[in-house]
Asks: 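Please see the structure below; I have some questions.
Naming: A, B, ... by sequence-line order, numbering from 1 per chain.
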Protein chains: 2
Amino acid sequence: MRPQKVLDIEILTGLSKIFRSKGYEGASLKDLSDATGLKKASLYHRFPDGKKGMADAVLNHINNWVDEKVFFELLNTEKTPEERLKTGLEAVRVLYEGGEETCIFRALSMQSSLELFENQISGGMKKWINTFKTLGLALGFSPTDAKEKAYQTLIKVQGSLIVTKGLNDITIFENTLVQIENEYLDQ
Amino acid sequence: MRPQKVLDIEILTGLSKIFRSKGYEGASLKDLSDATGLKKASLYHRFPDGKKGMADAVLNHINNWVDEKVFFELLNTEKTPEERLKTGLEAVRVLYEGGEETCIFRALSMQSSLELFENQISGGMKKWINTFKTLGLALGFSPTDAKEKAYQTLIKVQGSLIVTKGLNDITIFENTLVQIENEYLDQ
DNA sequence: GTCTATAGCTAGATAGAC
DNA sequence: GTCTATCTAGCTATAGAC
């Protein structure tokens with residue numbers, strides 16, 4: 001077999017950059033080709049299902065990253081709940097590059113693309129909520145409060161990313177992360 | 001002059017439905033034509049700047065609606081601040097059809113379209129924040145708290161709309177509105 | 001596995017009749 | 001003011017050489 005000119009991880013990084021910034025409809029195969037360094041036909045060789053397959057791969061890649069970096073930290077029982085919160089939110093900061101990057105869920109959840117990716121998006125959001133709920137319980141919240149706090153955490157992260165983009169001000173994202181941490185610890 | 005087959009308001013309603021659900025790149029002229037009942041060439045007669053002009057008109061239309069229905073209520077000094085909050089949030093509920101509709105800011109703020117509409121989007125968000133800050137002051141918040149509360153209100157509305165779509169559950173939006181109201185009154 | 005070349009289609013936009 | 005017909009460019013996707 002001929003060696004891969006571009007590594008899988010590099011391809012996923014390039015595809016991710018385009019889908020997250022332009023959305024599904026806004027991402028053209030030319031964009032995806034330029035960002036990966038592979039010609040269109042080569043992308044189709046790697047992803048026989050075409051653009052849909054590329055976005056699926058990006059969603060899985062990011063969901064896996066979040067599993068390993070964010071959720072693993074939040075659930076790592078070798079640390080105190082307070083430490084878990086801190087390192088988990090630090091991973092969230094990295095995931096969104098301090099507010100510079102959008103969320104892939106947001107980028108792929110306009111009507112037409114939401115139909116294609118609803119399982120991965122709703123699954124990812126549910127896992128997010130369940131994980132933060134678990135952390136809330138470890139911090140002493142009641143089940144009801146922990147669940148509500150988890151929803152609010154997801155809502156605030158998503159909302160702050162939107163407002164950060166709209167006002168072109170990454171301090172909004174950063175302030176929100178700090179506020180989330182304080183609210184978990186303040187109770 | 002030949003009479004308009006379709007009224008301006010009906011056109012704006014149709015265009016708005018498409019742009020809000022599909023985003024700028026995802027909205028085709030065929031979509032826009034079908035939704036308004038006007039053929040493509042007729043749309044170009046009404047909007048000489050084409051698709052960009054149509055989205056501009058939708059943004060202005062919605063910004064005006066929000067001015068008249070949401071901000072007017074929030075600032076209406078003939079009522080108590082508590083009443084203003086209640087009726088203002090009720091208008092927000094109508095704006096997003098209880099969580100069924102997306103926000104036009106969100107729909108038009110992917111990278112490529114954000115460049116086209118950044119002034120209207122950032123202007124609209126700033127006005128939102130200033131108006132809620134004014135209400136917070138009327139409710140007795142300190143300037144710092146009122147400003148922070150206003151940011152959080154915008155963030156929560158935007159975030160709850162994203163999560164509502166992702167989980168296909170409009171109770172998330174509704175719960176968020178109720179929570180916003182309670183937090184303004186609880187202090 | 002990657003490429004050039006191209007198919008087939010739809011996009012946004014325009015010309016000109018009525 | 002609205003329409004049919006059409007233009008060009010770009011789109012997603014595929015064929016087949018290397």
Side-chain angles (χ1 to χ4, degrees), chain A residues 1-59 61 107-108 110-117, chain B residues 1-59 61 107-108 110-117:
Chain A
M1 281 198 266
R2 199 171 284 205
Q4 291 183 339
K5 180 184 164 189
V6 181
L7 295 175
D8 284 358
I9 183 66
E10 295 172 334
I11 294 179
L12 288 171
T13 303
L15 297 179
S16 172
K17 212 164 194 79
I18 300 299
F19 281 124
R20 286 173 78 169
S21 63
K22 301 201 167 191
Y24 188 71
E25 294 80 7
S28 74
L29 284 175
K30 181 175 185 333
D31 293 329
L32 299 167
S33 169
D34 291 347
T36 54
L38 281 183
K39 296 295 178 185
K40 285 188 281 183
S42 305
L43 282 175
Y44 272 87
H45 178 80
R46 300 277 192 106
F47 303 95
D49 291 339
K51 192 172 159 181
K52 164 87 162 71
M54 299 178 213
D56 273 327
V58 166
L59 268 169
H61 174 61
L108 299 182
M110 292 309 290
Q111 193 195 60
S112 5
S113 50
L114 181 59
E115 294 167 7
L116 297 175
F117 307 111
Chain B
M1 283 199 266
R2 199 171 285 204
Q4 290 183 337
K5 180 183 164 189
V6 180
L7 296 176
D8 285 357
I9 183 65
E10 294 171 331
I11 294 180
L12 288 171
T13 303
L15 297 179
S16 172
K17 214 167 194 77
I18 299 299
F19 282 123
R20 286 173 77 169
S21 62
K22 301 200 168 191
Y24 188 70
E25 293 80 8
S28 74
L29 283 174
K30 182 176 184 332
D31 292 330
L32 299 166
S33 169
D34 290 348
T36 54
L38 281 183
K39 297 294 178 185
K40 284 190 282 184
S42 305
L43 282 175
Y44 271 86
H45 179 81
R46 300 279 191 106
F47 303 93
D49 292 338
K51 192 172 160 180
K52 163 85 162 70
M54 298 179 211
D56 273 327
V58 167
L59 267 168
H61 173 61
L108 299 183
M110 292 310 288
Q111 193 196 61
S112 8
S113 50
L114 180 59
E115 294 167 7
L116 298 175
F117 307 111

Asks: How close or far is atom C1' of C:dC3 from atom CD of A:Gln4, stated in whole angstroms?
Replies: 16 Å

Asks: Angle class for the A:Phe117/A:Tyr24 ring planes (parallel below 30°, perpendicular above 60°, tilted otherwise)?
Replies: perpendicular

Asks: Are A:Leu29 and A:Tyr44 packed together at the side-chain level, in the sense that at least one heavy-atom pair is separated by less than 4.5 angstrom?
Replies: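 They are in contact (side-chain heavy atoms under 4.5 Å apart), so the answer is yes.
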
Asks: Rounding to an integer number of Å, can you tell me how far A:Glu10 CD sits from C:dT2 C1'?
Replies: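 Answer to the nearest Å: 15 Å.
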
Asks: Got a sec, which pairs hit salt bridge (charged side-chain N to carboxylate O under 4.0 Å, His left out) with one end in residues 25-35 of chain A, sequence neighbours left out?
Replies: A:Lys22-A:Asp31, A:Lys30-A:Asp34

Asks: Near DNA chain D, which residues from residues 44-52 of chain B have a heavy atom under 4.0 Å away?
Replies: B:His45, B:Arg46

Asks: Check the phosphate of C:dC3 against A:Ser42, side-chain N and O only, distance under 4.0 Å to OP1 or OP2. Yes or no?
Replies: yes

Asks: Under the criterion side chain to side chain contact (heavy atoms under 4.5 Å, CB included), which of B:Leu32, B:Thr36, B:Val58 is the partner of B:Ile11?
Replies: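 Of the listed options, the one satisfying the test is B:Thr36.
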
Asks: How long is the line joining CG of B:Leu43 and C1' of C:dA15, in whole Å?
Replies: 17 Å

Asks: What is the distance, to the nearest angstrom, from the CZ atom on B:Phe19 to the C1' atom on C:dG12?
Replies: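 Distance, rounded to whole Å: 12 Å.
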
Asks: Kindly indicate whether the side chain of B:Leu108, heavy atoms from C-beta on, has any atom under 4.5 Å from the side chain of B:Leu114.
Replies: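 No, side chains not in contact.
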
Asks: Can you list everything that forms a side-chain contact (heavy atoms from CB on, under 4.5 Å) with A:Asp49? Sequence neighbours excluded, please.
Replies: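 By the side-chain contact (heavy atoms from CB on, under 4.5 Å) rule, A:Asp49 matches no residue at all.
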
Asks: Identify, with sequence neighbours excluded, every residue that meets side-chain contact (heavy atoms from CB on, under 4.5 Å) alongside B:Ala35.
Replies: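 For B:Ala35 the side-chain contact (heavy atoms from CB on, under 4.5 Å) partners, ignoring immediate neighbours, are B:Ile18.
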
Asks: Heavy-atom contacts under 4.0 Å between residues 21-37 of chain A and DNA chain D, which residues?
Replies: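 Per residue number, the list reads A:Ala27, A:Ser28, A:Leu29.
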
Asks: Can you list every pair that meets salt bridge (charged side-chain N to carboxylate O under 4.0 Å, His left out) and has a residue in residues 37-47 of chain A, with sequence neighbours left out?
Replies: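 Counting only pairs at least two positions apart or across chains, the salt bridge (charged side-chain N to carboxylate O under 4.0 Å, His left out) contacts touching residues 37-47 of chain A are A:Asp8-A:Arg46.
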
Asks: Measuring from the side chain of B:Lys40 (C-beta onward, heavy atoms only), which nucleotide among D:dA15, D:dC3, C:dA13 has the closest atom?
Replies: C:dA13

